[in-house]
Amino acid sequence: MTAHSPNKNKAFEASSITPRQKDYAQWYNDLVLKSGLADYSAVRGCMVIKPYGFALWENIQRQLDRMFKETGHQNAYFPLFVPKSFLEKEEGHAEGFAKECAVVTHYRLKTDPERKGKLIVDPEARLEEELVVRPTSEAVIWNTFKSWIRSYRDLPLLINQWANIVRWEMRTRLFLRTTEFLWQEGHTAHASREEAVEEARRMLQVYADFAEQWLALPVLKGVKTAAERFAGAEDTYCIEVLVQDGKAIQAGTSHFLGQNFAKAFEVTFTNRSNQQEYVWATSWGVSTRLIGTLIMAHGDDHGLILPPRLAPVQVVIIPIARSNDQLQQMAQAARQLQAELAAQDLRVMVDDDPQQKPGWKFTEYELRGVPVRLALGPRDLENGTVELARRDTMTKETVPLGGLPARIKILLDDIHRSLYARALQFREQHTTYVTTYEAFKKVIEEKGGFVVAHWDGTTETELAIKEETKATIRCIPLDQQPVPGTCIYSGKPSQQQAWFAVAY
RNA sequence: CGGGGUGUAGCGCAGUUGGCUAGCGCGCCACGUUCGGGACGUGGAGGCCGGAGGUUCGAGUCCUCUCACCCCGACCA
């Protein structure tokens with residue numbers, strides 16, 4: 001300890017993050033802000049996605065987009081504005097979204113005659129019909145599909161769009177719920193109910209596969225209850241993720257829309273027997289919320305832990321030296337190593353900034369969640385080795401330079417599997433089966449996580465439980481055997497168990 | 001929208017019953033020494049004290065209004 005150590009400690013505190021146990025919400029905010037993923041903006045409820053965060057989103061997009069195309073979908077783009085009359089057409093849909101819509105009423109500003117340099121809305125420029133900023137695009141898209149679909153030969157119609165949408169939420173949280181957010185929305189039209197249901201389930205499986213293979217997240221696949229269903233859907237399927245504070249988060253949804261939108265927008269097709277039929281529809285989406293989900297599921301008190309397959313930087317190389325000359329030499333060796341790794345399709349960066357010491361950089365890249373760190377110093381150059389550290393376990397070892405690319409590829413897969421296994425273990429340890437309402441309340445209050453219980457299938461019971469405990473039915477899992485039993489709340493006969501949790 | 005909290009330098013904060021030139025740490029800039037787990041020295045730059053109005057000889061400090069953000073609820077992906 002030197003006389004200056006208090007300063008050193010203060011410096012550490014200033015840049016460190018709130019531990020999860022102390023304040024989970026603050027921990028989450030610290031991670032998002034300090035890792036450089038995103039920032040608050042000057043606009044209420046809207047965030048700025050910074051380059052690091054956007055690079056992560058682009059990696060998510062790239063993989064999902066590929067998966068959508070592999071399942072036969074094409075990208076298109078539809079307008080941001082939805083005429084109010086379109087939104088009204090499907091009743092359930094209209095009611096569901098009405099209270100969170102931003103509405104454009106005017107198309108022009110003018111200078112304020114009374115206050116110089118100020119602008120006011122020009123009262124002369126009122127729109128005849130208000131335009132709603134899309135909270136989702138079913139309305140515009142079905143209005144368009146009407147003119148695209150004539151015959152069964154036009155089906156199935158498999159469209160996706162990458163877009164921004166606006167939902168005027170009361171309370172926002174970075175990535176998890178912002179007023180404007182980025183997402184993808186698939187919209188498909190089919191000739192039969194069976195085919196549409198199959199599509200909705202297929203895309204749910206795509207999301208589940210993506211979560212497992214790219215985000216390293218185990219998901220619970222299921223169907224929503226009537227109370228939690230998408231406005232305008234017949235069935236809503238979802239993937240639910242359990243995060244570290246014991247709450248569940250809906251990470252993706254896929255809807256079987258029946259013929260609701262086809263009827264509302266008069267979308268019919270001529271079938272093989274020359275009869276007019278309404279088409280069957282699906283829609284499905286995931287958003288930038290996925291980023292919030294993976295932060296909450298994998299992060300620790302040192303910072304982000306990014307799943308290696310999506311991390312914008314998979315490997316960071318930090319040269320270590322005793323002098324400026326030596327730093328040059330190490331940086332050169334580091335760049336050579338970088339090229340070698342990049343040739344094997346690894347995303348690698350070298351941080352040879354002479355202003356920061358290695359220790360500072362170690363902490364910084366841990367905060368940013370870079371899966372693998374290599375430290376290259378004079379000792380290594382002599383021995384033909386490198387120090388290799390993995391972010392998920394915070395362990396390090398010295399390894400030979402020879403065969404490093406192959407070793408790192410294996411390691412990244414290993415980190416991926418280990419993150420998945422850790423998250424799965426957490427979920428299993430936080431999934432409790434109960435048979436009484438007393439036990440249910442105790443688990444929700446004290447332990448959190450999923451609570452599996454028999455439910456009589458009524459919305460009244462579901463809402464009563466929500467009222468009393470804040471827990472909602474996240475879903476009825478698709479791969480669950482329906483076992484009859486007794487509802488924990490009403491004591492009535494139950495056909496199946498529902499998975500409850502307090503949710504984001 | 002209700003309850004609680006916070007706004008003072010890029011970040012984190014201090015600033016007493018109103019008092020004269022608004023401070024500290026980190027960061028930033030320059031130079032030097034350093035570099036295998038958040039280095040150090042010397043010198044320097046950086047403020048409309050969230051905004052508006054008021055009280056006062058005098059306001060970061062008191063009063064009124066407002067805005068923004070955070071946390072907790074109700075609404076939701």
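Within every chain, numbering begins at 1; the chains are lettered A, B, ... in the order of the sequence lines, protein sequences first and strands thereafter. Quick caveat: nothing in here was measured; it's all calculated off a predicted structure. Hydrogens, waters and symmetry mates play no part in the numbers below; they use all other heavy atoms, side chains included.
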For atom [atom1], what is the distance between [N] and [M], given to the nearest Å?
N: B/rG54; M: B/rA22; atom1: C1'; value: 23 Å
N: B/rG5; M: B/rU16; atom1: C1'; value: 23 Å
N: B/rC67; M: B/rG50; atom1: C1'; value: 7 Å
N: B/rU56; M: B/rU64; atom1: C1'; value: 16 Å
N: B/rC69; M: B/rG46; atom1: C1'; value: 24 Å
N: B/rA59; M: B/rU8; atom1: C1'; value: 14 Å
N: B/rA52; M: B/rG60; atom1: P; value: 13 Å
N: B/rG4; M: B/rC63; atom1: C1'; value: 23 Å

The side chain of [X] lies closest to which of these nucleotides: [options]?
X: A/Glu364; options: B/rA77, B/rC76, B/rG38; value: B/rG38
X: A/Arg44; options: B/rC35, B/rC69, B/rA77; value: B/rC69
X: A/Lys466; options: B/rG36, B/rC35, B/rC75; value: B/rC75
X: A/Thr178; options: B/rA77, B/rC75, B/rG36; value: B/rA77
X: A/Thr363; options: B/rG37, B/rC71, B/rA39; value: B/rG37
X: A/Arg171; options: B/rC71, B/rC28, B/rG36; value: B/rC71
X: A/Lys357; options: B/rC76, B/rC71, B/rC35; value: B/rC35
X: A/Gln356; options: B/rC35, B/rC28, B/rA77; value: B/rC28
X: A/Lys470; options: B/rA74, B/rC72, B/rC76; value: B/rA74

With a non-hydrogen cut-off below 4.0 angstrom, is [X] in contact with a base, only sugar-phosphate, or nothing?
X: A/Phe362; value: base
X: A/Phe181; value: base
X: A/Gln326; value: nothing
X: A/Gln250; value: sugar-phosphate
X: A/Leu176; value: base
X: A/Asn29; value: sugar-phosphate
X: A/Ala321; value: base
X: A/Pro378; value: base
X: A/Thr136; value: nothing

Phosphate OP1/OP2 of [N]: any [X] side-chain N/O under 4.0 Å:
X: A/Asn324; N: B/rU34; value: no
X: A/Arg167; N: B/rC76; value: no
X: A/Tyr40; N: B/rC70; value: yes

Quick one: look up who [N] pairs with, Watson-Crick or G-U, both distances under 3.5 Å, and put none if it's unpaired.
N: B/rU42; answer: B/rA30
N: B/rC49; answer: none
N: B/rC62; answer: B/rG54
N: B/rG36; answer: none
N: B/rG23; answer: B/rC13
N: B/rA74; answer: none
N: B/rG7; answer: B/rC67

* Structure fact -> Per nearest nucleotide of RNA chain B, the residue lying toward the 5' end, A/Lys361 or A/Glu169, is A/Lys361

* Taking for each residue the nucleotide of RNA chain B with the nearest heavy atom, is it A/Arg177 or A/Val43 whose nucleotide lies nearer the 5' end? -> A/Val43

base_contact_polar ([N] base, [X] side chain, donor-acceptor, <3.5 Å):
X: A/Glu366; N: B/rG37; answer: yes
X: A/Arg373; N: B/rG37; answer: yes
X: A/Lys396; N: B/rG37; answer: yes

Calculate the interatomic distance between [X] atom [atom1] and [N] atom [atom2]; express it in whole Å.
X: A/Leu367; N: B/rG37; atom1: CG; atom2: C1'; result: 15 Å
X: A/Gln329; N: B/rC35; atom1: CD; atom2: C1'; result: 14 Å
X: A/Ile320; N: B/rG38; atom1: CD1; atom2: P; result: 12 Å
X: A/Asp353; N: B/rG27; atom1: CG; atom2: C1'; result: 14 Å
X: A/Glu138; N: B/rA77; atom1: CD; atom2: P; result: 12 Å
X: A/Leu33; N: B/rC11; atom1: CG; atom2: P; result: 12 Å
X: A/Asp23; N: B/rC70; atom1: CG; atom2: C1'; result: 10 Å
X: A/Met296; N: B/rA77; atom1: CE; atom2: P; result: 17 Å

* Picking from A/Trp455, A/Tyr437, A/Phe500, what satisfies ring-ring contact (aromatic ring centres under 6.0 Å, His included) with A/Tyr489? -> A/Tyr437

* Taking A/Tyr237 for the side chain and A/Trp284 for the main chain, is one N or O donor matched with an acceptor at less than 3.5 Å? -> no

* With distance as the sole test, does A/Tyr52 use its side chain to make a donor-acceptor pair with the main-chain N or O of A/Arg368 at under 3.5 Å? -> yes

* To do: Taking atom CZ of A/Arg44 as the centre, report whether more than 12 heavy atoms of other residues, nucleotides or ligands fall under 6.0 Å from it.
  => no

* **A/Glu467, CD atom: more than 12 neighbouring heavy atoms under 6.0 Å** => no

* To do: Assess A/Arg289 against A/Phe181: is NZ or CZ under 6.0 Å from the centre of the six-membered ring, and within 45 degrees of the ring's axis?
  => no

* A/Asp245-A/Tyr28 side chain donor-acceptor pair, cut-off 3.5 Å -> no

* **Residue among A/Leu37, A/Leu306, A/Val370 satisfying side chain to side chain contact (heavy atoms under 4.5 Å, CB included) with A/Pro312** => A/Leu306

* Work out which heavy atom in A/Thr461 is nearest to a heavy atom in A/Thr458; give both atom names and the distance. => OG1-OG1, 2.9 Å

* Structure fact -> Here the pair of heavy atoms bringing A/Ala231 nearest to A/His93 is O-ND1, 3.1 Å

